[in-house]
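Taking it in order: structure first as structure tokens, then the write-up.
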Amino acid sequence: MSDLLDDPVPGQNTPEYTVSEISGEVKRTLEGSFGRIRVRGEVGRVFKARSGHLYYDVKDDRNVLACTTWKGQVSSLSVVPEEGLEVVVTGRLTAFGAQSKYNLNVDEVTVAGQGALMALLEKRKKQLEAEGLFAQERKKPLPYLPQVIGVVTSPSGAVIRDILHRLRDRFPRKVLIWPVAVQGSNCAPEVAKAITGFNQFTPGGALPRPDLIIVARGGGSIEDLWGFNEETVARATAASDIPLISAVGHETDTTLIDFVSDRRAPTPTAAAELAVPVRMELLAWTGEQGARLSRAASDAVQRRAQRLRDLSRALPRAETLLDTPRQRLDQISERLPNALIRGVQNRRVKLLDTSAHLRPSTLRGLVETRRDRWRNLSSRLSLRPIQRELETRGEKLSRLNERLNTAQMTRLDRVRQQLEATDRLRETLSYKATLERGYAVIHADGEVITSKSQAAEHSVLEIEFSDGRLNTGATGKAPVKKSKQDTPDQGSLF
């Protein structure tokens, strides 16, 4: 009986569990005992799987808690865990029986204190600065007078009213408003999407593409402004082809978008002042510049007119400019008849010399001499071939003689025509053609009188007209002197 009642092997009456049963019991115990909990610690290793799930550790100085955020939960996180960041995670504790591990399924992550936020901000700032997103050379200049301004802000706050009121007072422009959340978990993705969306507008389309973007928000704590410190917002700002003004918070508030933007405004109202000039000031400046331009043009015309008057006084009179050419013309006209006569005589002599050597009688005598000589030679020769050769050459010589006579006559005709043309030119340029226009030449004692003093020395003057000569004056009478006004200025021609 003792064998039946006693348990020879301790623990044989303990119930047995399968591995799955014990894993499920542990999971139910953990989830039932703890439920939804909040855990504070430092983020350790962070791993994002290809599926989109996020795996990371939250640790303190002695232990490590594995955390998991599924793909569908990642987009709702206000802060994405980063290694070294002190956070407070909220979720449900559960177990993963396949590996005998427990972990915390996290659906909310917040930064544990302002100091941690500032440390994270400083880390992101150094990373973006190392990539060159803060460099001054990549910042774009703002347009002087944009036609369309895009504003990324909350449509229900006082910020948009301040911007619109300031734009209306300074220089009214078209404004496109992209409504976004300016704090909370939706702030960063909506602001980044708005900046990218404005850049995707087609220039000149139905909805015009903005020439300038203003990202604006009122003041708040660092937690309220944290959406503008997210890396997605900073990178969207850096990738914008449209110049961008950041006006987030008050003058003392600084976010990452302020460093990446092309211009930072201390307040949303100041952003509107940076966007457009004052219309009345611009009109006044334009009027002043127009008046200055008119004065400058008038002064320039007056200076050039005075300069022209000064130069005109230094120029000689038009009459004096023609005195020297007139004298040169008179001298040439006096020498022209003699020069033409000498030219014609020289050409006539040359023609006679040339024609003397080319007389047909001389050539004809030479031909007859040669023909007689050939006849004598042919009579001495009895061979018929030689006689036929002589006859052939005689015929050739006759033809050459005829050609020579023709060429001589043609040359003589050409030279005769040139001589006649030169003689006609001489007649045209002769002073007698001038006499036919009403002028006259004064002679005395066989010489031409060209001045009043020469005419006064002779009692008898001979005036040559185009149709003859006329003697004036009486022998033995002294010449009558005339005043200078009665003396013509043409010298020997009048």
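Each residue takes its place number in the sequence, starting with 1.
- Side-chain contact between T392 and K396 is present, with heavy atoms from C-beta onward closer than 4.5 Å.
- Contact annotation: the side chain of F198 approaches that of V152 to within less than 4.5 Å [non-hydrogen atoms, C-beta and beyond].
- Counting non-hydrogen atoms of other residues, nucleotides and ligands closer than 6.0 Å to NZ of K139 gives a total above 12.
- No side-chain heavy atom of V441 sits less than 4.5 Å from a side-chain heavy atom of F465.
- Of all non-hydrogen atoms in E82 and V46, the two that sit nearest each other are C-CG2, 4.3 Å.
- Annotation: salt bridge (Lys or Arg N to Asp or Glu O under 4.0 Å) contacts of R161 (sequence neighbours excluded): none.
- Under the 3.5 Å distance criterion, the side-chain polar atoms of D423 are left unmatched by any main-chain donor or acceptor of L419.
- For R370, the CZ atom sits in a loose shell: 12 or fewer heavy atoms of surrounding residues, nucleotides or ligands are nearer than 6.0 Å.
- The closest side-chain heavy-atom distance from T254 to F259 is below 4.5 Å.
- Rounding to the nearest 0.5 angstrom, the gap separating the CZ atom in F171 from the CD atom in E273 is 15.5 Å.
- In this structure the side chain of V180 never reaches within 4.5 angstrom of the side chain of N186, judged on heavy atoms.
- Considering NE2 of H458 and CG of D445, their distance stands at 4.0 Å, rounded to 0.5 Å.
- The backbone N or O of R399 sits nowhere less than 3.5 Å from a side-chain atom of R403 that would complete a donor-acceptor pair.
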Checklist entry - For N471 and L461, what are the C-alpha separation, side-chain angles and deciding distance, and is it a side-chain contact (heavy atoms from CB on, under 4.5 Å)? => result CA-CA 6 Å; N471 293 326; L461 300 176; over 6 Å; no
Checklist entry - For F201 and L176, what are the C-alpha separation, side-chain angles and deciding distance, and is it a side-chain contact (heavy atoms from CB on, under 4.5 Å)? => result CA-CA 12 Å; F201 283 6; L176 296 178; 4.1 Å; yes
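- Listed by chain and residue number, R313 satisfy the salt bridge (Lys or Arg N to Asp or Glu O under 4.0 Å) test with D310 (two or more places apart in sequence, or in another chain).
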Item to check | Derivation and outcome, side chain to side chain donor-acceptor pair (under 3.5 Å), residues R414 and Q417 | outcome: CA-CA 5 Å; R414 188 183 300 113; Q417 291 174 2; over 6 Å; no
Item to check | Evaluation steps, side-chain contact (heavy atoms from CB on, under 4.5 Å), between V215 and F228 | outcome: CA-CA 10 Å; V215 179; F228 298 93; 3.8 Å; yes
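- In this structure a side-chain-to-backbone donor-acceptor pair under 3.5 Å is missing from E288 to A284.
- For K140, the NZ atom is densely surrounded, since the number of other residues' heavy atoms within 6.0 Å is greater than 12.
- The only option from I163, D162, L167 that meets the side-chain contact (heavy atoms from CB on, under 4.5 Å) definition with T269 turns out to be D162.
- In this structure, N346 contributes its side chain and R342 its backbone to a donor-acceptor pair below 3.5 Å.
- Between I242 and P210, the closest heavy-atom pair is CD1-O, 3.5 Å.
- Evaluation of the salt bridge (Lys or Arg N to Asp or Glu O under 4.0 Å) rule for R264 yields D258 as partners, not counting sequence neighbours.
- Distance alone, capped at 3.5 Å, is enough to place a donor-acceptor pair between the R217 side chain and the G219 backbone.
- Side-chain contact between L145 and P277 is present, with at least one heavy-atom pair separated by less than 4.5 Å.
- Remark: side-chain polar atoms of S261 are not paired, donor with acceptor, to backbone N or O of I245 under 3.5 angstrom.
- Annotation: the span from L400 atom CG to L404 atom CG amounts to 8.5 Å, rounded to 0.5 Å.
- From F134, atom CZ reaches atom NZ of K126 across 12.0 Å, with rounding to the nearest 0.5 Å.
- Looking at S154 and P179, their side chains never come closer than 4.5 Å, going by heavy atoms from C-beta outward.
- Within 6.0 Å of CZ in R393 there are 12 or fewer heavy atoms belonging to other residues, nucleotides or ligands.
- Judged by distance alone, the side chain of D262 and the main-chain N or O of P141 form no donor-acceptor pair under 3.5 Å.
- Across all non-hydrogen atoms, the minimal contact from D241 to N199 is N-OD1, 2.7 Å.
- Heavy atoms only, all atoms of each residue included: L133 and A234 are closest at CD2-O, 4.3 Å.
- In terms of heavy-atom proximity, L164 sits nearest to I177 at CD1-CD1, 4.5 Å.
- Taking the charged nitrogens against the carboxylate oxygens, E131 and R235 do have a contact shorter than 4.0 Å, which makes a salt bridge.
- Here the side chain of E464 pairs no donor or acceptor atom with the backbone of R469 at under 3.5 angstrom.
- Side chains of P81 and L77 form a contact here, defined as non-hydrogen atoms less than 4.5 Å apart.
- No side-chain donor-acceptor contact under 3.5 Å links Q127 and R124.
- To the nearest 0.5 Å, the span separating OG1 on T450 from CG on D330 amounts to 11.0 Å.
- Here the shortest heavy-atom pairing between I195 and S240 reads CG2-CB, 4.0 Å.
- Without hydrogens or angle criteria, D211 side chain to Q147 main chain gives a donor-acceptor distance under 3.5 Å.
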Checklist entry - Does the pair V344 and R348 meet the rule for a side-chain contact (heavy atoms from CB on, under 4.5 Å), with working shown? => result CA-CA 6 Å; V344 172; R348 183 181 290 113; 3.8 Å; yes
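- Atom CG in L256 sits 9.0 Å away from atom CD in E230 (nearest 0.5 Å).
- When atom types are taken as modelled, the side chain of R166 and the backbone of P268 share no donor-acceptor pair closer than 3.5 angstrom.
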